[in-house]
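Encoded as structure tokens, the structure appears first; notes follow it.
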Amino acid sequence: MPTNKKAVTVYFDDHLYERVAAAAKADRRSVANFIEAACDAVAPHQLGTRVMLATRIVPTLVFDEKFHKGDGRTGSEYLIFATKGDDKLRFDIPRKVLQDRVGKFTAATAIEFCERNRAKIEAACRLALSLAPSNDRPITLTEDHFQ
């Protein structure tokens, strides 16, 4: 659910992180709860402000470096694999969809074509993932996934 809250990302160097982690441990809290309590202590409570931190960061989608031609079952498709946390994901990209939405290519230049258009294809994969049901099946891209 979207909110109108603003967020800040803070990075600690190793030394500062160790000090904060030690203080949190001494206070019998997680690092996130310790930092949240520290921020909350200085927040202007008379305005009803409450500090909340995300304690679990969603894993990012990391794509493999190479595209692959389809296996025997998907000869007219191109595959891209990605990992998200511990999950290995497979995206099937039909040749017709690539040609209609990204551009023309030949069988000999297909992989090179995909590499040149990687940003556009990966954006379509992200959109397809956000709309796909959560199951272990490959995600097939359609023309609607390309913006």
Side-chain angles (χ1 to χ4, degrees), residues 1-14 16-18 20-21 24-25 27 29-45 47-147:
M1 168 179 10
T3 66
N4 291 332
K5 306 272 185 207
K6 295 190 184 220
V8 175
T9 301
V10 178
Y11 296 93
F12 292 116
D13 64 25
D14 291 340
L16 180 55
Y17 179 82
E18 293 303 324
V20 169
K25 185 176 181 182
D27 205 27
R29 296 176 184 245
S30 69
V31 172
N33 285 345
F34 178 79
I35 295 170
E36 184 175 305
C39 292
D40 225 16
V42 297
H45 290 284
L47 299 177
T49 302
R50 171 81 176 104
V51 176
M52 294 181 295
L53 301 176
T55 56
R56 179 159 166 38
I57 297 173
V58 177
T60 57
L61 193 60
V62 178
F63 289 95
D64 283 4
E65 296 203 7
K66 293 187 177 183
F67 283 83
H68 305 278
K69 288 187 180 179
D71 59 18
R73 295 172 292 124
T74 57
S76 65
E77 296 185 345
Y78 293 87
L79 312 177
I80 184 170
F81 294 92
T83 52
K84 184 173 185 182
D86 294 332
D87 298 330
K88 183 82 168 166
L89 305 172
R90 173 179 149 177
F91 297 90
D92 295 348
I93 311 165
R95 179 186 180 105
K96 182 174 179 356
V97 170
L98 275 176
Q99 288 194 336
D100 290 350
R101 299 300 292 186
V102 182
K104 301 290 183 205
F105 58 91
T106 65
T109 63
I111 299 297
E112 181 185 327
F113 169 83
C114 289
E115 292 298 340
R116 273 197 322 271
N117 293 286
R118 176 173 279 280
K120 191 174 204 176
I121 293 169
E122 287 181 356
C125 289
R126 285 187 188 92
L127 179 59
L129 178 62
S130 71
L131 300 173
S134 59
N135 56 28
D136 293 332
R137 295 175 39 199
I139 298 168
T140 301
L141 273 66
T142 65
E143 291 188 15
D144 295 337
H145 296 124
F146 289 87
Q147 299 293 321

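- Interatomic distance, CD of E65 versus CD of E115, reported as 8.5 Å (0.5 Å rounding).
- In this structure, E112 CD and N117 CG are separated by 10.5 Å, a value rounded to the nearest 0.5 Å.
- Considering every non-hydrogen atom in both V97 and E143, the closest pair reads CG1-N, 3.9 Å.
- When atom types are taken as modelled, the side chain of T106 and the backbone of T109 share a donor-acceptor pair closer than 3.5 angstrom.
- The distance from the CG atom of L127 to the OG1 atom of T142 is 8.5 Å, given to the nearest 0.5 Å.
- Separating the SG atom in C125 from the CG atom in L141 is a distance of 4.5 Å, to the nearest 0.5 Å.
- The side chain to side chain contact (heavy atoms under 4.5 Å, CB included) check on F81 picks up D64, H68, L79, K88, R90, with sequence neighbours excluded.
- When all heavy atoms are compared, the tightest approach of I121 to I93 is CG2-CD1, 3.5 Å.
- Among all heavy-atom pairs drawn from S30 and A24, the shortest one is O-CB, 3.9 Å.
- Using cut-offs of 30° and 60° on the angle between ring planes, the pair Y78 and F105 is perpendicular.
- When all heavy atoms of F91 and A82 are compared, the closest pair comes out as CE1-CB, 4.0 Å.
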* To do: Apply side-chain contact (heavy atoms from CB on, under 4.5 Å) to F113 and V102, showing your working.
  => CA-CA 9 Å; F113 169 83; V102 182; 3.4 Å; yes
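- Nearest heavy atoms, P138 versus D92: CB-OD2, 3.7 Å.
- Here the CZ-NZ distance, from R101 to K96, works out to 11.0 Å after rounding to the nearest 0.5 Å.
- Note that CD1 of I111 and NZ of K66 are 10.0 Å apart. Values are rounded to the nearest 0.5 Å.
- Sequence neighbours left out, the pairs with a member in residues 122-132 that pass salt bridge (Lys or Arg N to Asp or Glu O under 4.0 Å) are R118-E122.
- Across all their heavy atoms, A21 and V31 have their closest contact at CA-CG2, 3.9 Å.
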